[in-house]
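One structure is given below, encoded as structure tokens.
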Amino acid sequence: QVQLVESGGGLVQAGDSLRLSCVASGGFFSTYAMGWYRQAPGKQRELVAAITSGGSINYADSVKGRFSISRDNAKNTVYLQMNSLNPEDTAVYYCARSRTSWRINHDLVAYWGQGTQVTVSS
């Protein structure tokens, strides 16, 4: 059974930084694409950053230049470094594992973490 456990969320002020971590247990972490999603109140869950097993990376336009995704396969961990946070980044952030090595989207998510709250005050 695969489990994803996120940590690192919290309450920060606009302009601050946070680093989210997601530790995976079970399964072959290094062989799957991973992603970070977020869901704000009243909005759909959206993919903000993705990384394939080979290290290819994509970002949502809203976070390009501010967020950075990375993975450490030796630690079964994926990270999301978030800089220059603004109130629009307030959401529950979810870690997700794909069914494939080369892509992640909502239809391809095999496992979700429980989520971690990020709140950015103005």
Side-chain angles (χ1 to χ4, degrees):
Q1 181 70 19
V2 173
Q3 288 189 320
L4 304 175
V5 179
E6 302 102 330
S7 62
L11 172 63
V12 297
Q13 293 186 330
D16 286 349
S17 298
L18 278 176
R19 188 176 82 154
L20 306 182
S21 300
C22 170
V23 180
S25 60
F28 297 94
F29 174 80
S30 64
T31 62
Y32 293 98
M34 300 293 296
W36 284 97
Y37 283 76
R38 69 184 180 187
Q39 187 167 21
K43 294 188 176 181
Q44 290 188 333
R45 194 171 296 190
E46 63 170 345
L47 179 63
V48 295
I51 184 167
T52 69
S53 63
S56 295
I57 290 172
N58 282 291
Y59 298 102
D61 288 344
S62 59
V63 306
K64 280 181 181 176
R66 300 188 299 121
F67 290 13
S68 176
I69 188 171
S70 61
R71 65 190 299 162
D72 185 337
N73 291 332
K75 296 181 178 180
N76 285 0
T77 302
V78 61
Y79 303 98
L80 185 67
Q81 177 67 43
M82 305 185 295
N83 299 327
S84 301
L85 285 161
N86 59 63
E88 289 70 39
D89 296 316
T90 295
V92 178
Y93 283 71
Y94 297 90
C95 174
R97 201 207 80 176
S98 177
R99 304 179 191 279
T100 78
S101 63
W102 50 275
R103 187 179 180 185
I104 187 167
N105 60 33
H106 210 88
D107 291 335
L108 291 174
V109 171
Y111 299 96
W112 293 98
Q114 83 286 354
T116 185
Q117 177 71 47
V118 172
T119 303
V120 185
S121 64
S122 58

Test side-chain contact (heavy atoms from CB on, under 4.5 Å) on Leu85 and Phe67; report intermediate values, then the result. CA-CA 9 Å; Leu85 285 161; Phe67 290 13; 3.9 Å; yes
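- Hydrophobic clustering, with ILVMFWY side chains joined whenever heavy atoms are under 4.5 angstrom apart, keeps Val23 apart from Ile69.
- Once rounded to the nearest 0.5 Å, the distance linking OG of Ser98 with CG of Asp107 reads 10.5 Å.
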From CA spacing to verdict: side-chain contact (heavy atoms from CB on, under 4.5 Å), Lys75, Ser21: CA-CA 11 Å; Lys75 296 181 178 180; Ser21 300; over 6 Å; no
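- When the side chains of ILVMFWY residues are joined at heavy-atom separations under 4.5 Å, either directly or via intervening members, Ile57 and Val78 end up in a single hydrophobic cluster.
- Aromatic ring orientation, Trp112 versus Tyr37: perpendicular (interplanar angle above 60°, classes split at 30° and 60°).
- Under a cutoff of 6.0 Å and an axis angle of 45°, Arg71 and Phe29 form a cation-pi pair.
- The CD atom of Gln39 sits 8.5 Å away from atom CD of Gln44, with the distance rounded to the nearest 0.5 Å.
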As a quick check of understanding, evaluate side-chain contact (heavy atoms from CB on, under 4.5 Å) for Met82 and Asp89, giving each step before the final call. CA-CA 9 Å; Met82 305 185 295; Asp89 296 316; over 6 Å; no
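- In the hydrophobic clustering of this structure, Ile51 groups with Trp36; members are Ile, Leu, Val, Met, Phe, Trp, Tyr whose side-chain heavy atoms approach within less than 4.5 Å, directly or through other members.
- Rounded to the nearest 0.5 angstrom, Thr77 OG1 and Leu4 CG are separated by 10.5 Å.
- Atoms CZ and OG, on Arg103 and Ser53 in that order, are 14.5 Å from each other to the nearest 0.5 Å.
- Here the shortest heavy-atom pairing between Thr116 and Leu20 reads CG2-CD2, 4.0 Å.
- With a 6.0 Å radius and a threshold of 12 heavy atoms from other residues, nucleotides or ligands, Gln114 has its CD atom above the threshold.
- In terms of heavy-atom proximity, Pro87 sits nearest to Ser121 at CG-C, 4.4 Å.
- Residues Ala14 and Ser122 share a closest heavy-atom pair of CB-CA, 4.4 Å.
- Side-chain atoms of Tyr94 do not come within 3.5 Å of backbone N or O of Glu6 as any donor-acceptor pair.
- Taken to the nearest 0.5 Å, the SG atom of Cys22 stands 10.5 Å off from the OH atom of Tyr79.
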Begin from the C-alpha positions of Cys95 and Met34 and carry the test side-chain contact (heavy atoms from CB on, under 4.5 Å) through to its verdict. CA-CA 7 Å; Cys95 174; Met34 300 293 296; 3.7 Å; yes
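- Here the side chain of Thr90 pairs a donor or acceptor atom with the backbone of Val120 at under 3.5 angstrom.
- Counting all heavy atoms, side chain and backbone alike, Val48 lies closest to Val63 at O-CG2, 3.4 Å.
- A continuous path of hydrophobic side-chain contacts links Val92 to Leu47 [ILVMFWY only; heavy atoms under 4.5 Å].
- In terms of heavy atoms, Ser17 sits closest to Asn83 at OG-OD1, 2.9 Å.
- Atom CZ of Arg66 sits in a crowded spot, with more than 12 heavy atoms from other residues, nucleotides or ligands closer than 6.0 Å.
- Summarising the geometry of Tyr59 relative to Ser68, their closest heavy-atom pair is OH-CA, 3.2 Å, with the distance given to 0.1 Å.
- Separation of atoms CG (Asn58) and CD1 (Ile104) is listed at 11.5 Å; rounding is to 0.5 Å.
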